[in-house]
Amino acid sequence: MSNKFSIVTNYLVSIFEANSLVNTISLRDDDVIDVEKENVYPLVSMRLIESPAPQRNLREYTYLFEVLNQRDFQGKATPSKLLTDENYIDNIGVCDSIANDFLMEVLKTHNDFNINVSDDSISTFEPIRKDERNCLDGIRFEATFYINQNAI
């Protein structure tokens, strides 16, 4: 029997790798995302949240995705109340685009392993603002993917 988790994870990574906006993909087993000096933004972090016991010949995997970009700061005070002196709006826009493109690709594309996303499992896109990890902005969401237990 093949490793279903590995098949699903590699498939999801391949979709992010095909996106020209994504520069770094991180798969970690803890909450630490941005510890590598080599990270180039935008960064996508994937983390397995749960994998319940198989049901109806299916394996399900729920992932937490965080799509992050680093905030730029001007070293001077500005009177803007619209955050035009920082790239917050751009960061959220780019990260939202990466997340949306990823989910649209999964929803519309057939793949050789018949991996699908549960439509009702996709959480809302939660904004991340000035996260404590290197002042990162972005989008966080969860989704559950399933694959047939006996798939090739």
Side-chain angles (χ1 to χ4, degrees), residues 1-72 83 86-152:
M1 178 187 267
S2 61
N3 183 342
K4 301 302 180 191
F5 171 69
S6 179
I7 291 170
V8 172
T9 301
N10 288 331
Y11 170 67
L12 300 178
V13 167
S14 72
I15 294 173
F16 283 119
E17 284 177 335
N19 188 324
S20 62
L21 295 174
V22 177
N23 288 311
T24 304
I25 301 169
S26 171
L27 180 64
R28 298 187 55 97
D29 60 352
D30 55 22
D31 291 338
V32 180
I33 294 173
D34 186 37
V35 294
E36 306 295 329
K37 290 181 181 181
E38 299 84 22
N39 287 347
V40 178
Y41 300 97
L43 175 144
V44 174
S45 172
M46 298 171 44
R47 186 163 36 111
L48 180 67
I49 301 277
E50 69 176 352
S51 176
Q55 302 174 22
R56 304 177 316 243
N57 195 31
L58 292 178
R59 291 292 299 151
E60 290 184 346
Y61 301 96
T62 302
Y63 291 83
L64 171 66
F65 298 93
E66 292 180 308
V67 183
L68 303 163
N69 210 354
Q70 196 165 38
R71 174 103 46 117
D72 293 334
L83 293 175
E86 298 175 359
N87 63 337
Y88 169 74
I89 295 169
D90 295 334
N91 284 352
I92 296 298
V94 166
C95 294
D96 180 75
S97 178
I98 291 170
N100 190 56
D101 290 350
F102 167 76
L103 287 172
M104 289 298 105
E105 185 67 23
V106 171
L107 289 168
K108 73 176 183 172
T109 305
H110 174 74
N111 57 76
D112 294 337
F113 301 107
N114 201 21
I115 298 168
N116 295 293
V117 62
S118 301
D119 293 342
D120 60 341
S121 75
I122 302 170
S123 69
T124 58
F125 288 2
E126 175 189 343
I128 300 170
R129 297 173 194 91
K130 237 184 204 178
D131 185 69
E132 70 275 356
R133 299 165 282 198
N134 291 340
C135 239
L136 302 176
D137 300 314
I139 298 292
R140 175 184 296 127
F141 67 98
E142 292 182 17
T144 300
F145 301 87
Y146 61 92
I147 185 171
N148 289 326
Q149 185 78 328
N150 296 324
I152 298 174

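What you are looking at is a predicted structure, and each value in this text was computed from that prediction instead of being measured.
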Where does the angle between the aromatic ring planes of Phe65 and Phe145 fall among parallel (under 30°), tilted (30 to 60°) and perpendicular (over 60°)?
perpendicular
For Met46 and Val13, which heavy atoms make the closest approach, and how far apart are they?
SD-CG2, 3.8 Å
Between Phe102 and Val22, is a side chain to side chain contact (heavy atoms under 4.5 Å, CB included) present by the stated rule, with each step listed?
CA-CA 11 Å; Phe102 167 76; Val22 177; over 6 Å; no
d(Cys95 SG, Arg140 CZ) to nearest 0.5 Å is 11.5 Å
Within this structure, what is the OG1-CG distance for the pair Thr62 and Leu48, rounded to the nearest 0.5 Å?
7.5 Å
Under the side chain to side chain contact (heavy atoms under 4.5 Å, CB included) criterion, do Leu107 and Met104 qualify, and how do the steps go?
CA-CA 5 Å; Leu107 289 168; Met104 289 298 105; 3.7 Å; yes
Give me the atom names and distance for the closest heavy-atom approach of Asn114 to Asn148.
ND2-ND2, 3.5 Å
Minimum heavy-atom distance Ile49-Glu142, with the two atoms named
CD1-OE2, 4.5 Å
Parallel, tilted or perpendicular: which one describes the rings of Phe5 and Tyr63, with boundaries at 30° and 60°?
parallel
Rounded to the nearest 0.5 Å, how far apart are OG of Ser14 and CG of Leu12?
7.5 Å
Shortest non-hydrogen contact from Thr109 to Tyr11?
O-OH, 4.3 Å
Could you walk me through whether Ile128 and Leu136 pass the side chain to side chain contact (heavy atoms under 4.5 Å, CB included) test, one step at a time?
CA-CA 7 Å; Ile128 300 170; Leu136 302 176; 5.6 Å; no
What's the separation between atom OG1 in Thr9 and atom CG in Asn3, rounded to the nearest 0.5 Å?
8.0 Å
Side-chain contact, heavy-atom cut-off 4.5 Å: Phe16 with Ile98?
yes
Sidechain-backbone polar pair: Asn23 side chain, Tyr41 backbone, donor-acceptor under 3.5 Å:
yes
Can you check whether Glu60's main-chain N or O pairs, donor with acceptor, with Ser51's side chain at less than 3.5 Å?
yes
Return yes if some donor-acceptor pair links the side-chain N/O of Thr24 with the main-chain N/O of Val40 below 3.5 Å, else return no.
yes
How long is the gap from CD on Glu105 to CG on Asn100, to the nearest 0.5 Å?
11.5 Å
Does the side chain of Asn91 come under 3.5 Å of the side chain of Asn87 through a donor N or O and an acceptor N or O?
yes
Side-chain heavy-atom pair Pro42, Asn69 within 4.5 angstrom cut-off
yes
Let me confirm one number: the CZ-CD1 distance from Arg59 to Ile115, rounded to the nearest 0.5 Å.
13.0 Å
